[in-house]
Amino acid sequence: MDKNKQFFDEMIAGPDTVTDPYIGYNKWFAEQDPDHLTRKSQEAETFFRRSGITFNVYGQAEAQERLIPFDLVPRIIAEREWAKLSKGIAQRVTAINAFIHDVYNRQEILRAGVVPYDLVAKNDAFLPQMMGFSPPGKVYTHIVGTDIVRTGPDDFFVLEDNARTPSGVSYMLENRETMLQMFPELFSRVRVKPVNSYPDSLHRALCDCAPPACNGKPRVAVLTPGIHNSAYFEHSFLADQMGVELVEGHDLRVVDGRIAMRTTLGYEPVDVLYRRIDDEYLDPLSFNPDSMLGVPGIMDIYRAGGITIANAPGAGIADDKAIYSYMPEIVEFYTGEKAILKNVETFRCAEPDALKYTLDNLHELVVKEVHGSGGYGMLVGPAASKQELEDFAAKLRARPANYIAQPTLSLSTVPIFTDSELAPRHVDLRPYVLVSPNGINITPGGLTRVALTEGSLVVNSSQGGGTKDTWVLEE
Amino acid sequence: MLGKTAGGLYWMFRLLERGENTARMVEAGFRMALTRSTDSETEWKSVVTTSGVGRGYDSVYDHYAAKEVIDYLLRDKRNPSSVLSVSKAARDNARLVRTALTTEVWEAVNENWMVLTDLLENPVQQKDLPAALATIRQHSALVRGALHGTMLRNDIYDFSRLGTFIERADNTARIIDVKYYTLLPSVSFVGSSLDNVQWETVLRSVSAHRSFRWLHQGDMTASAIADFLILDRRLPRSLAFCISQVVSQLDALSDDYKVTLPCNDMARKLDKDMRSRDIGAIFEDGLHEFISTFIGRNNALAMQIETDFRFNK
């Protein structure tokens with residue numbers, strides 16, 4: 001018990017009291033029979049499995065599909081908290097787009113010395129092919145997933161800016177759908193802002209960025225690496241929800257200066273491609289020549305205004321973890337305002353002092369690869385064995401510039417329902433942000449990921465995390 | 001629609017049809033083995049041959065017996081046409097074309113795969129075989145029901161149905177091809193008990209033993225059975241019925257797409273040839289030749305459909 005006291009719990013305020021946002025929910029919860037809830041929880045699992053809401057796990061012998069465990073206690077955010085959060089997110093995403101446009105055009109921020117030149121120019125995520133080019137509407141990050149953690153009543157930090165191809169939005173939508181099906185009466189008692197307009201908003205945001213070559217109604221397609229990709233369910237889900245085609249690289253080719261898809265009636269041009277493959281696989285002529293996933297020649301067509309690629313190639317420069325450490329300066333540089341959302345203190349191991357500090361305090365820090373994602377290749381110092389710490393220290397010394405270190409945050413907890421009772425578990429939050437020339441649209445809530453193991457701070461689904469429905473109250 | 005999606009739908013339903021047909025073959029073979037004590041080796045061999053997996057089977061086993069054949073046809077992962085392999089492949093295709101399917105159809109295919117994976121995890125004991133086959137049939141019917149009940153009648157439906165009928169025509173033709181000698185009037189005299197058992201197996205292989213009886217009131221002759229399986233449009237597994245369905249789905253596509261393709265002409269010609277023959281003439285010209293030619297033409301038609309609608313690059 002003592003151990004848990006140092007963490008802020010978003011629901012439980014004291015022995016018999018809950019925090020304000022949870023009052024309505026708690027009343028309902030107290031009336032429920034725990035056995036009934038346990039049954040509901042199992043029903044949810046059956047529902048997910050039957051609907052095929054699964055993800056593939058890499059590196060296992062039998063390429064198995066797994067469910068992301070779903071916890072039935074919602075994560076609830078008050079409207080006023082959300083207002084502040086979403087303002088901060090919009091500010092940050094605006095700055096990120098301006099930053100990407102700048103580094104691929106005039107590079108003022110580099111010339112001003114706010115961000116070191118080498119950090120951008122020598123970055124693997126920086127694509128020289130994008131220099132001097134403005135994508136339609138000057139939008140680079142059509143879809144952003146800003147990872148946010150909370151450590152206290154008013155303490156929110158941005159942990160990562162996912163500016164490439166953030167995933168998980170299908171879980172946000174399916175989690176709400178599941179809750180609505182399981183507990184319809186709950187939603188008549190507690191008023192929650194809806195999330196179901198996301199697919200339409202996404203479609204609109206993509207259409208608003210149609211390329212110059214588009215005549216008439218923009219034709220959108222989702223590009224997936226295929227059914228063996230871990231996020232394939234989401235790719236097909238989004239294509240389905242938007243009512244657009246789901247294509248693979250071999251369905252596309254260059255026809256008459258456009259990217260066209262092979263239909264039963266011949267080749268038809270695509271205007272906007274929501275791609276869910278990485279930059280490096282996008283065009284074997286421009287990037288990785290061995291890629292079978294992309295479309296040869298798409299970069300040329302893109303630069304000539306024949307197609308819009310979302311998110312823009314090279315947008316990943318903004319979610320590099322070393323660039324992240326400059327985000328407060330970046331926000332101020334482009335918006336002229338102080339960043340509303342705080343950054344987590346970050347040590348750039350490329351710098352000798354920071355490296356020394358990191359090595360000396362490894363057991364207390366979280367160390368991440370600058371290009372890493374999905375929780376792979378990171379070290380959680382407090383949870384690591386002596387051997388793991390030593391091994392990681394060796395990696396750090398070998399390639400310091402590949403790593404950043406951050407203090408271990410006291411992530412807030414939200415209860416999960418387990419063994420017929422509530423038990424606190426650490427959570428994070430990924431709101432989904434859409435950017436178009438007409439503005440920024442943030443779906444209220446987002447995806448709450450929860451570390452299901454007691455005491456664990458790792459919420460990634462690939463590392464045993466689960467999800468919760470996320471509510472923003474309508475007050 | 002994407003060519004890939006059309007191909008995915010077509011193959012998904014070919015595979016589902018194949019799985020169902022394999023289960024039916026196992027059922028007929030099992031029944032045959034139960035009712036006759038000797039020479040079941042030949043019967044099981046013909047079950048394997050009819051399923052078109054003879055070569056694969058021979059590379060794994062050196063004899064034909066109920067246990068091995070049933071296992072190979074139902075659940076062997078080395079057999080790409082086993083019920084288990086096919087349910088997985090059909091589900092992979094369904095994932096590929098997920099955006100073209102209604103939730104009901106997708107869930108039925110997904111559940112088919114989940115249930116069969118569970119059902120066929122271990123070898124099926126003979127005492128459990130009838131129940132297992134019934135489960136396979138039921139889930140197949142669920143997918144079909146979901147398709148008919150929920151899908152728009154557009155090109156998505158047409159490609160799905162094309163897959164079903166091309167596969168089914170091939171399956172019925174192969175059953176006749178393997179058993180044609182038992183249908184030749186000259187080989188044996190009508191009504192021997194041996195023939196009766198053989199004929200009943202043939203009819204059971206296409207689930208038509210009861211409908212045949214009902215239509216023919218026990219008048220079981222080789223010629224009547226051959227006529228029923230080849231030319232009778234009332235039987236949903238007859239060659240004539242399958243081809244007429246292929247024609248009408250292709251016509252629907254032709255109307256929808258406002259284009260007439262080589263496969264339209266090929267299918268119409270095959271249909272016309274079926275309509276111009278009676279069973280007497282077929283026997284006269286040679287039943288075996290007729291069936292071999294049919295299998296070849298059905299195959300060529302399938303390839304033409306794949307080309308015309310750009311299933312592949």
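Since this is a predicted model, take the numbers as computed values, not measurements. Residue numbers start from 1 in every chain, and the chains themselves are labelled A, B, ... in the order their sequence lines are given, proteins ahead of strands.
- Tested against B/L2, the residues A/L252, A/V247, A/T264 include a single side-chain contact (heavy atoms from CB on, under 4.5 Å) partner, A/V247.
- Neither the backbone nor the side chain of A/R253 comes within less than 4.5 Å of any heavy atom in chain B.
- Interface residue B/E107: backbone and side-chain heavy atoms are both found under 4.5 Å from chain A.
- B/D308 touches chain A through its backbone: at least one of N, CA, C or O sits under 4.5 Å from a heavy atom, while the side chain does not.
- In terms of heavy-atom pairs under 4.5 angstrom with chain B, the leader among A/E248, A/M261, A/H235 is A/E248.
- Across every non-hydrogen atom of B/K4 and A/L246, the tightest pair is NZ-O, 3.4 Å.
- Within 6.0 Å of OH on A/Y281 lie no more than 12 heavy atoms contributed by other residues, nucleotides or ligands.
- The two atoms that bring B/F311 and A/R262 nearest to each other are O-NH2, 3.0 Å, heavy atoms only.
- Heavy-atom distances place the side chain of B/F159, and not its backbone, under 4.5 Å from chain A.
- In terms of heavy atoms, A/R50 sits closest to B/E111 at CD-OE1, 2.6 Å.
- Nearest heavy atom pair, residue A/D240 against residue B/R98, reads OD2-NH1, 4.1 Å.
- Scanning all heavy atoms of the two residues, the minimum distance from B/R95 to A/F233 falls at NH2-N, 4.2 Å.
- Here the CZ atom belonging to B/R310 is positioned 7.0 Å from the CG atom belonging to A/L265, to the nearest 0.5 angstrom.
- Most heavy-atom pairs under 4.5 Å with chain A, from the set B/L101, B/T99, B/L253: that is B/T99.
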